[in-house]
Amino acid sequence: MTDPIWPTVARLQEWLTDRQRLPPGQEILLRVLKLSEEVGETAQAVIGATGQNPRKGHSHSWQDVEAELCDVIITAMVALRTLTPDAAEVFAGHLKRVAERSLQGPPAEPSAEPPQGPFAEPPEGPSSGPPQEPSAEPPEGPSAGPPEGPSSGPPGGATAGPPGD
């Protein structure tokens with residue numbers, strides 16, 4: 001049975017080729033450059049979804065990121081099809097080799113170290129570091145508990161996590 005994705009990719013590649021007046025060598029170079037453009041648009045959407053550009057704030061949604069990732073995949077598939085008419089077989093063979101190499105052996109043990117970075121889960125409990133010996137001195141400040149007030153997160157309720165978080 002033929003996967004319906006690859007015939008569609010072939011039609012897209014043929015449609016582009018019919019409308020382009022470039023020598024074949026330049027055609028593949030421009031398809032790869034187009035892939036770089038789509039990756040850049042994906043990065044822009046992630047920056048917008050996380051609000052990391054102070055001038056623009058939250059300019060994109062996680063659905064925008066999903067759409068941009070799909071554009072990257074489609075563009076890569078069309079570039080592969082431009083390079084070889086056997087794109088489906090080349091891709092399937094490569095995916096099989098990557099899966100065999102990556103998924104061989106027993107499942108990896110979870111890391112003992114907590115994840116780091118902007119999407120890491122906050123530590124559980126009031127402490128944000130390794131367990132410490134109890135101190136004989138009382139805690140400093142007016143309260144040993146969390147700060148009081150309506151805010152429980154970043155200004156505006158913004159979060160840096162993926163959709164649904």
When hydrophobic residues are tied together by side-chain contacts of less than 4.5 Å, even through go-betweens, does [X] share a cluster with [Y]?
X: V72; Y: I5; value: no
X: I73; Y: V9; value: yes
X: L69; Y: V32; value: no
X: W6; Y: I74; value: yes

Handout entry: Distance-minimising heavy-atom pair for I47 and T50
Key =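 Minimum heavy-atom contact is O-OG1, 3.3 Å.
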Problem - Minimum heavy-atom distance L16-V78, with the two atoms named - result: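 Shortest heavy-atom separation between L16 and V78 comes out as CD1-CG1, 3.8 Å.
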Exercise for the section: Hey, could you give me the CG/CD1 distance between L80 and I28, rounded to the nearest 0.5 Å? Expected result: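 Atom-to-atom, L80:CG and I28:CD1 are 8.0 Å apart.
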Practice task
Report the distance from atom NZ of K56 to atom NE2 of H58, rounding to the nearest 0.5 Å.
Solution key: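 Reported to 0.5 Å precision, the distance equals 14.0 Å.
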Less than 3.5 Å apart, which donor and acceptor atoms pair up between the side chains of residues 83-102 and the rest of the protein, not counting sequence neighbours?
from: T84; atom 1: OG1; to: D86; atom 2: N; distance (Å): 3.1
from: R97; atom 1: NH1; to: G93; atom 2: O; distance (Å): 3.3
from: S102; atom 1: OG; to: V98; atom 2: O; distance (Å): 2.9

Practice task
Find out whether R81 and E14 are in side-chain contact, i.e. whether some heavy atom of one side chain is under 4.5 Å from a heavy atom of the other.
Solution key: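 They are in side-chain contact.
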Handout entry: Pairwise side-chain contact, W15 with D18, heavy-atom cut-off 4.5 Å (strictly under)
Key =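 No, their side chains stay 4.5 Å or more apart.
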Problem - Hydrophobic cluster partners of L33 (side-chain heavy atoms under 4.5 Å) - result: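 Traced through the cluster, L33 reaches L22, L30.
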Problem - Set of side-chain hydrogen bond (donor to acceptor under 3.5 Å, both in side chains) partners for T8, sequence neighbours left out - result: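 Partners of T8 under the side-chain hydrogen bond (donor to acceptor under 3.5 Å, both in side chains) test: none.
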Residues that [X] engages under salt bridge (charged side-chain N to carboxylate O under 4.0 Å, His left out), provided they are two or more places apart:
X: K34; value: E37, E38
X: E27; value: R31
X: E68; value: none

Problem - Test item: Q63 side-chain N/O and S61 main-chain N/O as donor-acceptor pair under 3.5 Å - result: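 Checked: no pair found.
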